[in-house]
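Note that the structure is predicted; figures quoted are calculated from it, not measured. In what follows, every chain begins at residue 1, and chains take the letters A, B, ... in the order their sequences are listed.
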Amino acid sequence: MKVLVTVKEVAEVADDFEIEGTEVGERYLEYDLNEWDDYAVEEAVQLKEDGPAEEVVAVTIGPERAEETIRMALAKGADRAVRIWDDVLEEPDLLDVETKTNLLAAVVEEEEPDLVLTGVQSGDDNFGATGVSLADEIGFQWAAVVNALDYDHDEGVAHVHRELEGGVEELTDVELPAVLTIQTGINEPRYASLRGIRQAQSKEIAPKSLADLGLDAGAIESELDLTSMYEPESESDATIFEGDASETAAQLAEVLREKGVAE
Amino acid sequence: MSSDVLAVAEHRRGVLRDVSYELISAGELLADATGGDLHVAIIGGDTEAFADDLNRKGVDYVHTVSEGEEFNHDVHVQAVEALHAEIDPEALVMANSVNGLDYAPAVANSLDLPLVTDAVGLEYDGDLTVTREMYGSKVETTVEVSGDQYAVTFRGGEWPAAEGVGDAEIGEFDVDIDTDTGSSVTGFEEVGGGDVDISEADFIVSIGRGIEEEDNLPLIEDLVEATDATLASSRPIVDSGWLPKNRQVGQSGKVVTPDVYLAIGISGAVQHVAGMKGSDTIIAINTDPNAPIFDIADYGIVGDLFDVVPELIEEFS
Ligand SMILES: Cc1cc2nc3c(=O)[nH]c(=O)nc-3n(C[C@H](O)[C@H](O)[C@H](O)COP(=O)(O)OP(=O)(O)OC[C@H]3O[C@@H](n4cnc5c(N)ncnc54)[C@H](O)[C@@H]3O)c2cc1C
């Protein structure tokens, strides 16, 4: 079986930052592999190590800078990677679900995987929709928010747990081909070994433009427009203790005593 | 196309989920703005009883689809598609819940509707503008929808629950549903049981990713011991296996309502806040003055936990 795993390079915002137009200023951003995708990569690599998967291909939508992140996935055990990018993707402030679905669907068509693993959401814009939207587009079965996966190779069925709210899990059987959106905690993502990092240097990252994927600009037309970005007005009426660590700790201790929860 | 709004309610194991009533409130606001009717759909379960309960102020129609006991995404997708074809509404509104994540994107894609998820605010002036958050609630954005028809999912807990009794027309919507689709729910499992029940605690010391390493946990355990508190945590601590699942506070963990909740190195993500916002007094220790946890805190220290916590232990020993 072949596993396609989607990875995204996400930005994290520094404690202090400024917004420039409809973006956070570039110098306040730090890039990393999306937390949820880290678990998806690990799950894919484990499927290879345990036998059922012959090949793990990572796919990302992102500019050249994203190669650093996708190399992480390669260093952790993915066999090769595809990076989708095109100048026309630079323009919109928001790559919406529909656009990402179209781009990834074109890669699925080329790669013909049996299983696609995505993260539940990305930590920056947290739409949480790409995996399931993609499943509909490519006609695969799916399950969202998967925190346990047991794949039965003979039956071609994934026995999964979907993590619902309030400490309840739903047990679901999903026939392959399928898309599963992976939740944090499903496994323990490995750190890339030095050997893995070295090997990743010689693994293929195939760049794909819209034209390479047989798509035209229509594939990225969007009916959504990011019109503003701002810092939410603080609703805080918290009393902030001032002073050094011992002074603030003393004031906090006073509150705990007043409330009668600690002596 | 009509200017109507179609809202899809949610249920689980015999009860309507609270977000259903919130969708009605949000849906009513939107229908007032578009000038259309508010339709509510309920798919599966005890649809008759659910429909009576969903008939709240502002609802014009309740459509029941009596297929299956529990949520199944294939049933949901087919039922919502058929209802959408029938009503042809301007707005399709759904919950940004775990089950919402499992069917809303498929419906939107299959109906070719632009999708905005996790809305926390709405404005309408002929076009819909949705407010949503990014970067762990550190910034807000507005997204303008230019399509005539669209799908939006709403964050739970942001709109009031609809109340009162409405005079909605209630009817079963007939639709042929193919149930042999390759995905089937086989059961449910409760997780997070065990020796402690943090939801009983009066004083909770809760630790988040700010602790950095498992080796630093004893510092927090010392504080717990010195203050006779109950230890809890945010999700990453449990994901990493440093604490058991029964210590996790939040959407997918426990809901707690102690007298005092002391959040240390926790940013205050919406899924965490869902589990602790009902605490009487919330205190936060965080290096980041912009961390969203301060929005709901009563008291706070902007500082490094590795400096503050040892001093706090000192206070109580
Ligand atoms: C479907 C779903 C369900 C989820 N369910 C839950 C749930 O039940 N519970 C839950 O908690 N999360 C849940 N999450 C995850 C949630 O979105 C966040 O990722 C998580 O809550 C973040 O945990 P955190 O605040 O500990 O970490 P972070 O967001 O990384 O925050 C760490 C904080 O520590 C501060 N910090 C760092 N160093 C220090 C220091 N030395 N001193 C003081 N402060 C410091 C930082 O400023 C930061 O604010 C869920 C997510 C999804 C998608």
Which answer fits [X], side chain, backbone, both or neither, if we ask what part of it has an atom under 4.5 Å from a heavy atom of chain A?
X	value
B:Ala108	neither
B:Ser137	backbone
B:Val77	side chain
B:Ser184	both
B:Leu262	side chain
B:Ile285	side chain
B:Leu115	both

Residue among [options] with most heavy-atom pairs under 4.5 Å to chain A:
options	result
B:Val308, B:Asp304, B:Asp298, B:Val255	B:Asp298
B:Asp307, B:Thr227, B:Ile301	B:Ile301
B:Ala284, B:Pro292, B:Gly182	B:Gly182
B:Glu314, B:Lys254, B:Arg209	B:Arg209

- prompt: Under a 4.5 Å heavy-atom cut-off, does chain B meet the side chain of A:Ile19, its backbone, both or neither?
  reply: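 A:Ile19 touches chain B through side-chain heavy atoms alone.
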Heavy atoms only, distances under 4.5 angstrom: which of [options] has the most pairs with chain B? Name it, please.
options	answer
A:Glu223, A:Arg257, A:Glu137, A:Glu175	A:Glu223
A:Pro232, A:Ser236, A:Ser228, A:Ala262	A:Ser228
A:Val97, A:Val168, A:Leu164	A:Leu164
A:Glu98, A:Gln183, A:Glu231	A:Gln183

Determine whether the side chains of [X] and [Y] contain a donor N or O and an acceptor N or O closer than 3.5 Å.
X	Y	answer
A:Ser122	A:Asp124	yes
B:Asn99	B:Glu10	no
B:Gln248	B:Asp239	no

message: Check the orientation of B:Tyr299 and A:Phe241. Use parallel for under 30°, tilted for 30 to 60°, and perpendicular for over 60°.
response: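 Parallel, since the angle between the ring planes stays under 30°.
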query: Between A:Leu180, A:Thr130, A:Val179, which is the residue that forms a side-chain contact (heavy atoms from CB on, under 4.5 Å) with A:Thr118?
result: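 Only one of A:Leu180, A:Thr130, A:Val179 forms a side-chain contact (heavy atoms from CB on, under 4.5 Å) with A:Thr118, namely A:Val179.
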- request: Answer yes or no: are there more than 12 heavy-atom neighbours, outside B:Glu144 itself, under 6.0 Å from its atom CD?
  value: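 It does: B:Glu144 CD has more than 12 such atoms within range.
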query: Should we say atom CD of A:Glu258 is surrounded by more than 12 heavy atoms from elsewhere, each under 6.0 Å from it?
result: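 Check passes, neighbour count above 12.
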message: Rounded to the nearest 0.5 Å, what separates atom CD in A:Glu163 from atom CD in B:Gln251?
response: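 So the CD of A:Glu163 and the CD of B:Gln251 are separated by 8.0 Å.
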- prompt: Do B:Asn290 side-chain atoms and A:Asp15 backbone N/O form a donor-acceptor pair below 3.5 Å?
  reply: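 Yes.
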